[in-house]
Amino acid sequence: MGRTIPESDAAEIFVRLAEAMPGRTANAKGPKGQPDAFRSCISCMLSAQSLDRNTAKAARALFDLAQTPEDVLELDDRDIAAAIKPCGLYNVKTRNIRKFCQALLAEHGGLVPSTRKGLLGLPGIGRKCADIVMSFTFGTDVIAVDTHVHRVCNRIGLTDAKTADVTAQQLEARAPKWALRDGHFWLIQFGKKVCTARAPKCESCPVSDLCLWYAERSAQ
DNA sequence: ATCCCGAGGG
DNA sequence: CCCTCTGGAT
């Protein structure tokens, strides 16, 4: 791997981000407050190419109509699409949600599997959703990589990957285990507030002295 | 590599 | 107007 920072710097970055971006990865809760893997899966599918606020609106509308996979399958596609419309891509997402519920019932008795292999076998669940469910709902030490995490990690030099999947693999190998689960949250906050896609705010960045991109930019 | 689809920001 | 937003299927 060409362009990565030393392991010790990687650990230091997570220490600083935990300090600068206070908060933790939240557990998905069901209607009665218990962890709810089914809602976690559906919410994650809805979140594709969508703002958090719109995802939340769509999820609320859908869960208002249906709480279980059986409930969802009794709905008409048009009702599902109408409910989740705020989050965009609603036709594709409607089809995926239906397939997901069918497979969940047919292959897992309606119970969401807790392993990556089991989750990835379900239609509509890719690596990112699988990792979200594993870490958010089942408390597994994996780091979910979305567009923010992917961008930030490769810019800093925590990882050196072209795809989010490879970023996830490299992070699991390089990041301290204690930082994996909550690291998702810290890196997202960092990506939203400081290390933005365009015009990152390096002046107020807590890790710019360890950042490869900043060093390269400063050298020009 | 491209399509699905749409709100919102700069 | 172009880009972004916690993707996945074909």
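In what follows, every heavy atom counts, from backbone to side chain, and hydrogens, waters and symmetry copies are set aside. So you know, we letter chains A, B, ... as the sequences are listed, proteins then strands, and number each from 1.
Candidate nucleotides C/dC5, B/dC5, C/dG8 were compared by shortest atom distance to the side chain of A/Leu89, and B/dC5 ranks first. Distances from the side chain of A/Arg198 to the nucleotides B/dG8, C/dC3, C/dC5 place C/dC3 closest. Listed candidates were B/dC4, B/dG6, B/dG8. Nearest to the side chain of A/Val92 is B/dC4. When distances run from any side-chain atom of A/Ala48 to the nucleotides B/dG9, C/dT6, C/dG7, the shortest one goes to C/dG7.
Spacing between atom CG of A/Asn91 and atom P of B/dC5 amounts to 5 Å, rounded to whole angstrom units. Between the CZ atom of A/Arg98 and the C1' atom of C/dA9 there is a distance of 18 Å, rounded to whole Å. Spacing between atom CD of A/Gln49 and atom P of B/dG6 amounts to 13 Å, rounded to whole angstrom units. Atom CG of A/Leu51 is separated from atom C1' of B/dC5 by 13 Å (rounded to the nearest Å). A/Asp146 has its CG atom 13 Å from the C1' atom of C/dT4, to the nearest Å. Nucleotide B/dG6 holds its P atom 11 Å from the CD1 atom of A/Ile84, rounded to whole Å. Rounded to an integer number of Å, the gap from A/Met45 CE to C/dT6 P is 18 Å. A/Arg127 places its CZ atom 11 Å from the P atom of C/dG8, with the value rounded to the nearest Å.
For A/His148, a side-chain nitrogen or oxygen approaches OP1 or OP2 of C/dC5 to under 4.0 Å. Taking only side-chain nitrogens and oxygens, A/Ser50 never comes nearer than 4.0 Å to OP1 or OP2 of C/dC5. The side chain of A/Asn96 contributes no N or O atom lying less than 4.0 Å from OP1 or OP2 of C/dA9.
A salt bridge does not link A/Arg3 with A/Asp160: every distance from a Lys NZ or Arg NE/NH1/NH2 to an Asp or Glu carboxylate oxygen is 4.0 Å or more. Looking at A/Arg127 and A/Glu172, a side-chain N of the basic residue comes within less than 4.0 Å of a carboxylate O on the acidic one, giving a salt bridge.
As rounded to the nearest Å, C/dT6 and B/dG10 have P atoms that lie 14 Å from one another. When the P atom is used for both C/dG8 and B/dG8, the distance is 23 Å, rounded to whole Å. Annotation: B/dC5 and C/dC3 have their C1' atoms spaced 15 Å apart (nearest Å).
Across all strands, A/Pro123 comes closer than 4.0 Å only to sugar-phosphate atoms, never to a base (heavy-atom distances). Within the 4.0 angstrom heavy-atom criterion, no nucleotide atom of any strand lies near A/Gly191. Within the 4.0 angstrom heavy-atom criterion, no nucleotide atom of any strand lies near A/Arg95. At the heavy-atom level, A/Cys44 lies nowhere under 4.0 Å from the strands shown.
Atom CD of A/Glu203 is surrounded by more than 12 heavy atoms from other residues, nucleotides or ligands within 6.0 Å. For A/Arg217, the CZ atom counts as densely surrounded, since its 6.0 Å shell holds more than 12 non-hydrogen atoms of other residues, nucleotides or ligands.
Connection of A/Ile132 to A/Trp186 is not established within any shared hydrophobic cluster, with ILVMFWY side chains joined at heavy-atom distances below 4.5 Å, either directly or through further cluster members.
Toward the 5' end of DNA chain C, the nearer of the two residues A/Gln189 and A/Lys99, judged by each one's closest nucleotide, is A/Gln189.
In this structure, A/Arg174 contributes its side chain and A/Ile5 its backbone to a donor-acceptor pair below 3.5 Å.
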